[in-house]
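Heads up: the structure comes next, in structure tokens.
In this text the structure is predicted, and so the values were computed from the model without any measurement.
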Amino acid sequence: MNKAGGIAMGGGGGGGSGPTTAAAAAAAQKQKALMQRVETDIAHIVDNFTHLVNVARINDTPVRNSQEAFMMEMRAARMVQAADSLLKLVSELKQTAIFSGFASLNDHVDQRIGEFTQLAEKTDSMLARIGEEAAASLKELETHYYSSAQRTSQTLEP
């Protein structure tokens, strides 16, 4: 019966402070509340079913039978309410599972964005270094070209 622990939650015990521990504490509190709701609803269903079976015996007096019929209707209505509450709880658990899946997906996307940002910064610095080296090499080549003997001899021979 104790299967509500399957709720996927992002984060998890890091250093002991910060948003991850707060999220973990909130998740544990929500899980405890959901388990209490499950146990309460199931207890109501079992209790009302037990009373329904106990009241369902047939007596001879018509007044007694009408009272028992009323009790049976009341217990059946309470069982339906408890079952409806369980169905709402199942729906809420499904939504929690879906949204926590999106939360973990968003965490993964944020992590990948960070990795790609670091890679882009590394690439930018590498391109800047290559540009500086190319500029220095070009300046050195220009210096050699303008001071070369072949260049000076070509400019003197017109």
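Side-chain heavy atoms closer than 4.5 Å link hydrophobic residues (I, L, V, M, F, W, Y) into clusters, and following such links, possibly through other members, connects Met74 to Met72.
Every side-chain hydrogen bond (donor to acceptor under 3.5 Å, both in side chains) that Arg75 has, sequence neighbours left out, goes to Asn48. Here Asp84 pairs with Lys88 under the side-chain contact (heavy atoms from CB on, under 4.5 Å) rule; sequence neighbours left out. Residues satisfying the side-chain contact (heavy atoms from CB on, under 4.5 Å) criterion with Phe49, sequence neighbours excluded, are Val53, Met79. Residues satisfying the side-chain contact (heavy atoms from CB on, under 4.5 Å) criterion with Val90, sequence neighbours excluded, are Lys94. Among residues two or more places apart in sequence or in another chain, the side-chain contact (heavy atoms from CB on, under 4.5 Å) test is passed with Glu132 by none. Glu73 meets the salt bridge (Lys or Arg N to Asp or Glu O under 4.0 Å) test with no other residue; sequence neighbours excluded.
Interatomic distance, CD1 of Ile45 versus CG of Leu52, reported as 12.5 Å (0.5 Å rounding). The distance from atom CG of Asp41 to atom CD of Gln81, rounded to the nearest 0.5 Å, is 10.5 Å. A distance of 10.0 Å separates CG in Leu93 from CG in Leu86, rounded to the nearest 0.5 Å. Taken from CG in Asp47 to CD1 in Ile42, the straight-line distance is 13.5 Å, to the nearest 0.5 Å.
Within the structure, side-chain hydrogen bond (donor to acceptor under 3.5 Å, both in side chains) contacts touching residues 119-130 (residues at least two apart or in different chains) are Arg129-Glu133.
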Next on the checklist: Is there a salt bridge (Lys or Arg N to Asp or Glu O under 4.0 Å) between Glu142 and Lys139? Walk through the geometry before answering.
Outcome noted: CA-CA 5 Å; Glu142 285 177 348; Lys139 187 171 185 176; over 6 Å; no
Next on the checklist: For a side-chain contact (heavy atoms from CB on, under 4.5 Å) check, start with the C-alpha distance between Glu39 and His44, then their side-chain angles and the critical distance, and finish with the verdict.
Outcome noted: CA-CA 9 Å; Glu39 290 172 3; His44 282 110; over 6 Å; no
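Judged purely by atom type and a 3.5 angstrom limit, Thr50 uses its side chain to pair as donor or acceptor with the backbone of Val46.
Through direct or relayed side-chain contacts under 4.5 Å between Ile, Leu, Val, Met, Phe, Trp and Tyr, Ile130 connects to Met126. Grouping Ile, Leu, Val, Met, Phe, Trp and Tyr residues whose side-chain heavy atoms lie under 4.5 Å apart, directly or via other members, places Ile113 in a hydrophobic cluster with Val109. Summarising the hydrophobic clusters (Ile, Leu, Val, Met, Phe, Trp, Tyr; side-chain heavy atoms under 4.5 Å, direct or chained), the residues clustered with Val80 are none.
Side chains of Met35 and Lys30 form no contact here, defined as non-hydrogen atoms less than 4.5 Å apart.
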